[in-house]
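Below is one structure, written out as structure tokens; the observations come after it.
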Amino acid sequence: MPQPDLRLEIDSTPLAVRAALSQVLGHRLATGLAPHRRGDLELVLAEVLNNIVEHAYAQGQGTILLELGARPGGLQCRVQDWGQAMPGGALPAGQLAPRLPDDLPEGGFGWHLIRCLTRDLSYARVGGSNVVTFSIPETDKD
Amino acid sequence: MELIATQLPGLLLVRVGQDRIDAAGAIQFKDRMRELIAPAQGRVMLDMSQVGFLDSSGLGAVVGVMKLLGPDRKLELAALTANVEKVLRLTRMDSVFVIHPAAPDDLRDAG
């Protein structure tokens with residue numbers, strides 16, 4: 001990302017992700033946002049980062065690069081990792097699993113939440129790395 | 001994971017004493033809840049008033065706790081913060097739990 005306002009290198013562990021989220025929320029990019037917008041930002045970043053910890057780096061730890069930039073209309077986000085590629089080379093559709101009364105889903109919520117709360121979501125495999133970009137709009141999508 | 005359990009007649013009330021149920025704490029939350037609900041009979045209610053952040057892993061753990069209760073009992077959630085309510089709504093899990101606007105103060109003080 002050209003001239004990000006915030007650039008973090010994050011170890012691929014759940015606790016490092018938690019610490020990074022706290023750092024983002026304390027940054028001037030986030031402190032001025034309305035409370036529910038801060039909640040959206042934290043949730044989307046948590047889902048994207050934890051997905052990398054859990055899946056891209058499932059077979060060994062690595063580094064995640066997070067870049068954020070304030071842009072007209074919203075916050076631009078770029079997340080890069082050097083782990084395994086997305087299965088099928090594309091982002092999951094994020095459709096909620098059918099809800100059967102005796103077999104409630106305990107997962108599969110993450111990409112659905114990301115797709116609900118972001119705009120211009122894209123994924124590319126770039127020279128052995130995964131690059132996910134999206135923006136978090138200033139106003140509600142719906 | 002700080003969980004404060006109070007056994008009341010017919011109701012186990014568990015107050016989540018920290019501000020997040022996230023990927024870093026989800027397994028611990030579920031394991032601790034498993035211990036708390038094992039001896040409990042009757043209803044189980046989680047006081048969520050302190051929880052300002054719930055991610056998909058945390059939600060999965062809360063669903064997992066409900067499944068531990070078996071098919072005949074629903075997990076009840078009380079005093080959802082705005083962020084947590086939104087996660088439940090977007091994932092359409094708000095209809096899965098019994099949701100109360102507040103954990104009654106008199107119950108909370110009873111223990």
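Proteins get letters first, then strands, A, B, ... in listed order; numbering begins at 1 in each.
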**OP:** Would you mind checking which part of B:Lys74 comes under 4.5 Å of any heavy atom in chain A, side chain (CB onward), backbone (N, CA, C, O), both or neither?
**Re:** neither
Subject >> Residues of residues 4-12 of chain A contacting chain B, heavy-atom criterion under 4.5 Å, by residue number >> reply: none
Subject >> Closest contact, heavy atoms only, A:His36 versus B:Asn83 >> reply: CA-OD1, 4.4 Å
Original post:
Is it the side chain or the backbone of B:Asp55 that comes within 4.5 Å of chain A heavy atoms, both, or neither?
Top reply: both
Subject >> Neighbour count above 12 (heavy atom, 6.0 Å) for B:Gln41 CD >> reply: no
Original post:
Taking all atoms of both residues into account, what is the closest heavy-atom pair of B:Ala24 and A:Arg18, and its distance?
Top reply: CB-NH2, 3.7 Å
**OP:** Against chain B, label A:Leu113 side chain, backbone, both or neither, depending on which of its atoms sit under 4.5 Å from a heavy atom there.
**Re:** side chain
Subject >> Interface moiety of B:Ala82 toward chain A, non-hydrogen atoms closer than 4.5 Å >> reply: neither
Subject >> Between B:Pro71, B:Gly64, B:Ser56, B:Ala61, the one whose heavy-atom pairs under 4.5 Å with chain A are most numerous >> reply: B:Ser56
**OP:** Locate the shortest heavy-atom distance separating B:Arg92 from A:Leu96; write the atom from each residue and the value.
**Re:** NH1-CD1, 3.6 Å
Original post:
Looking at A:Glu42, A:Glu54, A:Glu47, A:Arg38, which makes the most heavy-atom pairs under 4.5 Å with chain B?
Top reply: A:Glu42
**OP:** May I ask you to check whether over 12 heavy atoms, not counting those of A:Gln95, lie within 6.0 Å of atom CD?
**Re:** no
Original post:
Out of curiosity, does A:Val131 fall in the hydrophobic cluster containing A:Leu66 (side-chain heavy atoms, cut-off under 4.5 Å, transitive links)?
Top reply: no
Subject >> Reported CZ-to-CG distance for the pair A:Phe109 and B:Leu59, which is rounded to 0.5 angstrom >> reply: 4.5 Å
**OP:** For atom CD1 of B:Ile4, decide whether the heavy atoms of other residues, nucleotides or ligands shown that lie under 6.0 angstrom number more than 12.
**Re:** yes
**OP:** Can you tell which part of A:Leu43 gets under 4.5 Å to a heavy atom of chain B, answering side chain, backbone, both or neither?
**Re:** both
**OP:** Treat each ILVMFWY residue as a node, draw an edge where side-chain heavy atoms are under 4.5 Å apart, and state whether A:Val132 and A:Met1 are in one component.
**Re:** no
Original post:
If you round to the nearest 0.5 Å, how far is CG of A:Leu21 from CG of B:Asp22?
Top reply: 8.0 Å
